[in-house]
> 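Structure incoming, see below.
Side chains are part of it too, since the values below use all heavy atoms of this structure and drop only hydrogens, waters and symmetry mates. Each chain gets a letter, A, B and so on, in the order the sequences are listed, and its residues count up from 1. Keep in mind the model is a prediction, meaning the values are calculated, not measured.
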Number of protein chains: 2
Amino acid sequence: MRPTTKDLAKAAGVSLATVDRVLNGRSGVRKKTVDAVNDAIKKIGFERNQLAATLARKRGYRFGFVLPKEGDEFLEEILVRIREANITWRAEMIEVKAIRIDEHDPHKAALALSKVSTKDFDGVAVMAPETPQIRDAIKRMRERDIMTIPFIANQQDIEKDNFVGINNRAAGATAGRLMGRFSCGRTGTVAVINDTMQSRDSLERRLGFDAISNQFFSNLTILPSLETFGDPERTHKIIETTLNANANLLGVYIIGSEARVPLEAMERLGHDRHLTVLAHERTPSTTSALKKGTLAAIITQDTGHLVRSAVRILRAKCENRSALASQERIRIEILIAENL
Amino acid sequence: MRPTTKDLAKAAGVSLATVDRVLNGRSGVRKKTVDAVNDAIKKIGFERNQLAATLARKRGYRFGFVLPKEGDEFLEEILVRIREANITWRAEMIEVKAIRIDEHDPHKAALALSKVSTKDFDGVAVMAPETPQIRDAIKRMRERDIMTIPFIANQQDIEKDNFVGINNRAAGATAGRLMGRFSCGRTGTVAVINDTMQSRDSLERRLGFDAISNQFFSNLTILPSLETFGDPERTHKIIETTLNANANLLGVYIIGSEARVPLEAMERLGHDRHLTVLAHERTPSTTSALKKGTLAAIITQDTGHLVRSAVRILRAKCENRSALASQERIRIEILIAENL
DNA sequence: CTTGACCTGAGGTACGTACCTCACTAGACA
DNA sequence: TGTCTAGTGAGGTACGTACCTCAGGTCAAG
C-alpha cells in the first residue's frame with residue numbers, strides 16, 4: 001500500500017497537523033521540523049494522493065489561456081481544443097477558459113493581464129508577442145502566485161523548460177528541406193509570405209528556412225519576406241506582383257499561422273504555375289488546399305496536444321510536481337494529402 | 001455546484017442506497033425505480049465525481065498491454081512508454097503492465113490470454129496477429145468482463161471504434177507519395193522489404209503504397225515484396241541480390257516496424273547508390289539513419305500517444321463513459337532530419 | 001519570574017462516493 | 001393467518017487529504 005499522511009507523520013515523528021503544515025507550505029514550523037518531514041517523505045517514498053487532495057480542497061483548478069482578440073482559423077482551432085479540454089477534465093475538476101487580449105495594443109493587453117486574479121485563475125498559458133509591457137505583466141502575475149507559462153509564442157526570458165510549443169527554427173528548417181526536395185534540383189526563386197516579420201516566431205522560421213536552403217539547395221534563391229499585415233487586398237497585390245516579376249518562381253512559403261488569405265490569393269492567381277506551396281498549421285483552409293493540390297505540404301503542430309500539454313504543465317506546477325517531459329514535447333508534424 | 005448523489009436521491013425520490021444500487025448496477029431494484037433514477041440523472045445533469053469514486057473504491061484500475069515476446073527496437077519503445085504511463089497516472093491510481101505472448105504460437109498465446117483474470121486486470125490492450133485462437137481468447141476475456149481493445153495491430157471483427165493505432169493503408173499511401181515525390185520523375189524500380197507479408201498491417205501498407213504509385217507515379221516500378229522472416233543473414237542476402245539485379249533501383253521501402261536489420265544491410269551494401277529509403281517507426285536505428293542521410297524519411301506513430309490513448313480508452317470503458325475521439329486519433333507522422 | 005511569541009499536537013469536520021448491515025414494507029403464496 | 005422474498009430506506013464507516021480550533025509546550029526577552 002502507498003504510504004499516507006498518517007504513515008508520514010509516524011515516520012517523521014510529528015503529528016498529522018505538522019505534516020499538513022509542511023506539505024502545504026503553511027507557516028509556523030521550525031526549519032528543523034520541515035527537514036525532518038522532508039527526509040521522511042524521501043525515506044518512505046510518500047506521495048500525496050491527488051485524488052483525495054482535490055476532493056478535500058472542494059475545488060479543482062481553473063486555468064486561463066491568454067489569446068489574441070483577433071485571429072482566423074488557427075485561433076478558432078485552439079478555441080475548439082479549449083472547449084474539449086473542459087470535457088476531458090471535468091471529472092478531475094479542472095476548468096479552462098480563454099482570455100482574449102488586444103495584442104496590437106500592449107497597454108490594453110497588459111491591463112487585461114493585470115486583472116487576472118488568484119480568485120479566478122490558478123494559472124494561465126500566455127500566447128502573446130514579446131513586448132516589455134507583456135513581460136512585465138507576466139512577472140507581476142507570478143508575484144500574485146499565478147502560475148504562468150508561455151504558449152505557442154515563446155517569451156525569451158521566462159524559464160525555457162515550461163514553454164509549450166514548437167521550436168520554430170526547426171519548423172522553418174523543415175519547410176526549407178521540403179521546399180528543396182520538392183523542387184527536384186531545378187533552378188529558380190522562392191517567395192516567402194508573412195503577416196509581419198515583427199514576431200520572434202516568424203523570424204525564427206525564416207532563419208531555419210534560409211539556413212537549410214543555403215546549405216543544401218543552392219539552386220534556390222529565396223526572396224525577401226513579403227509582409228501582408230493581415231490585409232487581404234494587400235495580400236493579393238503583393239502576390240500578383242511577385243508572380244509577375246518572377247517567371248522562374250518555383251515555390252511559395254507561407255510563414256504565418258493564418259494562411260487562409262494568402263492561400264486564396266494563390267489559388268486565384270497562381271493555379272497554373274505549378275508552384276510548390278508550403279504553409280503552417282492544419283486549418284480548414286490548409287486542409288482543403290492540400291486535398292486540392294494547391295499545397296504541397298503543411299507543417300503543423302497538434303492544437304489539441306498544445307492545449308492539453310499546457311493544462312498538464314500548469315496543473316503540475318500548481319501541485320508542485322514536474323510534468324513528464326517526453327509527453328509534453330510538441331512535435332513538428334508534416335502533413336500531405338495521404339496522412340491528413 | 002455540481003449535483004451529488006444526495007441531490008440525485010432527492011430528485012429521484014429514492015434513498016442514497018438505491019441511487020448507489022442503480023449507479024453501480026447492483027441487483028435488487030425494480031425496473032421502474034431504475035428508470036426513475038436514470039431520468040433524474042438526465043434531469044439534474046448528474047455526473048459521478050470520479051475523484052471521490054476511485055478514492056472510495058480503495059483501488060484504481062489495472063491495465064495490461066498484450067505484446068509479442070519477441071521484438072526489437074519498436075517494441076522496446078512501447079515498453080518505455082508503458083513504464084512512463086505508470087508515472088503519469090500514479091496519482092490517479094492507474095497501474096499498467098506488459099503481458100508478453102508468443103505470437104508465433106497461437107495456442108500458447110491464447111493460453112496466456114485465458115489466464116488474464118479480473119483479479120489482476122480491469123482491461124487489456126491487445127497487440128497480436130489476427131488468428132482464430134486469438135480472436136476466441138479475446139472474446140472469452142470480454143465474457144469475463146475484462147475490457148479489451150485492439151492495439152497497433154487491428155483485429156477485424158472487434159468494434160472498430162476502439163482500435164488504438166493508425167490506418168495502415170494511409171500509412172503505406174504516405175510512403176508511396178513520399179517515394180514518388182522524392183524520385184523527381186526519374187524512371188526506375190522500387191524494392192519493398194518486410195519481415196513477412198502474413199500480417200494484415202503489412203498487407204494494408206503495401207496496398208496503400210501501390211495504390212499511390214500506380215495512380216500518380218507511373219515512372220516507378222514497384223517490385224514484389226521481399227520477406228526477411230526476421231533473419232539478418234537472409235536480409236543481407238536478399239538486399240544484395242536486389243541491388244545487383246536492379247541497376248536502375250531508385251528506392252527501398254521498408255514496410256515492417258523493426259527496421260534495424262534491413263537498415264544495417266542498406267548501409268553496408270547500398271550507401272553508394274543514392275537510394276531513397278523509407279522506413280516506419282521512430283527508433284534509435286531509424287533516427288540515426290535519418291541523421292546520417294541513409295533514410296529519406298520515417299513514417300511513424302507516436303508510441304507515447306498510443307499507450308496513453310489505450311489507457312484513456314480502457315478507463316473510459318471501465319467507467320462507462322466514451323472517450324473524446326479527437327484526442328484519441330493516432331496521427332501518421334512524417335519525420336525528416338529537421339523535425340526529429 | 002512573567003510575558004508573549006512561536007511551535008506543535010490532538011481532535012474534529014468535510015469532500016463525494018462505495019460498500020456494508022439491518023430493519024421495514026408490500027405483495028405473493030401456502 | 002403466517003411465511004417468504006424482493007425491493008427499499010436509514011444509517012453507518014471508510015478512502016486520504018485539507019482545513020479548522022484549541023490547548024499546551026518551549027524559549028528568549030524583559
Side-chain angles (χ1 to χ4, degrees), chain A residues 1-38 40-41 44-61 89-94 122 315 318-321, chain B residues 1-38 40-41 44-61 89-94 122 315 318-321:
Chain A
M1 267 287 109
R2 252 167 68 163
T4 71
T5 41
K6 232 179 246 177
D7 303 324
L8 180 55
K10 203 180 293 174
V14 298
S15 73
L16 258 180
T18 301
V19 162
D20 175 67
R21 288 178 187 118
V22 174
L23 283 182
N24 297 296
R26 301 182 220 285
S27 62
V29 188
R30 262 183 309 184
K31 171 132 193 341
K32 215 176 111 186
T33 315
V34 174
D35 292 341
V37 173
N38 284 326
I41 288 178
I44 68 171
F46 170 82
E47 218 173 330
R48 189 205 239 100
N49 183 333
Q50 281 302 338
L51 259 60
T54 46
L55 181 61
R57 284 177 69 233
K58 299 184 188 54
R59 69 181 203 92
Y61 295 108
W89 278 301
R90 197 166 34 196
E92 282 155 70
M93 316 275 267
I94 292 180
D122 301 289
R315 169 150 77 150
C318 285
E319 293 172 354
N320 210 3
R321 298 180 291 114
Chain B
M1 266 288 112
R2 253 166 69 161
T4 71
T5 42
K6 231 179 246 177
D7 303 324
L8 179 54
K10 203 179 293 174
V14 298
S15 73
L16 257 181
T18 301
V19 162
D20 175 66
R21 289 178 186 118
V22 174
L23 283 182
N24 297 294
R26 301 183 219 286
S27 62
V29 188
R30 263 183 308 186
K31 171 125 193 351
K32 213 177 112 187
T33 315
V34 174
D35 292 341
V37 173
N38 284 327
I41 288 178
I44 67 171
F46 171 82
E47 216 172 332
R48 190 204 239 99
N49 183 333
Q50 280 302 337
L51 259 58
T54 48
L55 181 61
R57 284 177 70 233
K58 298 185 188 54
R59 69 183 204 91
Y61 295 108
W89 278 301
R90 197 164 36 196
E92 283 154 70
M93 318 273 269
I94 293 180
D122 301 291
R315 168 150 76 150
C318 285
E319 292 171 355
N320 211 4
R321 297 180 293 114

> If you look only at pairs with a residue in residues 45-54 of chain B, which of them pass as a salt bridge (Lys or Arg N to Asp or Glu O under 4.0 Å), with sequence neighbours excluded?
R90(A)-E47(B)

> Near DNA chain C, under 4.0 Å by heavy atom, which residues of residues 2-15 of chain B?
T4(B), T5(B)

> Only counting residues at least two apart or in another chain, list the ones meeting side chain to side chain donor-acceptor pair (under 3.5 Å) with Q50(B).
none

> Of all nucleotides in DNA chain D with an atom under 4.0 Å from a non-hydrogen atom of chain B, which is the first and which the last going 5' to 3'?
dG7(D) to dG16(D)

> Is there a side-chain contact between N38(A) and V22(A), using heavy atoms and a 4.5 Å cut-off?
yes

> At under 4.0 Å between heavy atoms, what does T54(B) touch on the DNA or RNA strands: base, sugar-phosphate, or nothing?
nothing

> State which residues pass salt bridge (Lys or Arg N to Asp or Glu O under 4.0 Å) with K31(A); sequence neighbours excluded, sorted by chain then number.
D35(A)

> Under 4.0 Å from any atom of DNA chain D, heavy atoms only: list the residues of residues 45-52 of chain B that qualify, in numerical order.
none

> By side chain to side chain donor-acceptor pair (under 3.5 Å), which residues pair with N49(B), not counting sequence neighbours?
none

> State, to the nearest 10°, the angle formed by the axis through the first five base pairs of the helix from dC1(C)-dG30(D) to dA30(C)-dT1(D) and the axis through its last five.
40°

> For a quick test of reading the model, state the closest non-hydrogen atom pair linking A12(B) to A36(B) and the distance between them.
CB-O, 4.1 Å

> Do any pairs count as a salt bridge (Lys or Arg N to Asp or Glu O under 4.0 Å) and have a residue in residues 16-26 of chain B, sequence neighbours left out, and if so which ones?
D20(B)-R26(B)

> Mind running side-chain contact (heavy atoms from CB on, under 4.5 Å) on V37(B) and L23(B) for me, showing each step along the way?
CA-CA 9 Å; V37(B) 173; L23(B) 283 182; 5.5 Å; no

> Using the rule given for side-chain contact (heavy atoms from CB on, under 4.5 Å), can you reason through I44(A) versus K10(A), listing the C-alpha separation, both sets of side-chain angles and the distance that settles it, and then say yes or no?
CA-CA 11 Å; I44(A) 68 171; K10(A) 203 180 293 174; over 6 Å; no

> Would you give the length of the straight line joining atom OG1 of T54(A) to atom CZ of R315(A), rounded to the nearest 0.5 angstrom?
8.0 Å

> Does R321(A) have any side chain to side chain donor-acceptor pair (under 3.5 Å) partners at least two apart in sequence or in another chain, and if so, which?
E319(A)

> To the nearest 0.5 Å, what is the distance between CG (D122(A)) and CZ (R59(A))?
4.5 Å

> Applying side-chain contact (heavy atoms from CB on, under 4.5 Å) between V19(B) and each of L8(B), I41(B), T4(B), report the one that passes.
L8(B)

> Specify the separation, in whole Å, of atom CG of D35(A) and atom P of dC7(C).
14 Å

> Pull out every residue in residues 21-31 of chain A that has a heavy atom closer than 4.0 Å to any atom of DNA chain C, ordered by number, or say none.
R21(A), G28(A), V29(A), R30(A)

> Assuming nearest nucleotide by heavy-atom distance, tell me which of R57(B) and T33(B) is located more 5' along DNA chain D.
T33(B)

> Between Y61(A) and C318(A), which heavy-atom pair has the shortest distance, and what is it?
CE2-CB, 3.6 Å

> Nearest nucleotide by nearest heavy atom, which residue falls closer to the 5' end of DNA chain D, K58(B) or K32(B)?
K32(B)

> Roughly how far apart are L55(A) CG and M93(A) CE, rounded to 0.5 Å?
7.0 Å

> Restricting to nitrogen or oxygen on both sides, can you table the protein-nucleotides 26-28 of chain C pairs closer than 3.5 Å?
none

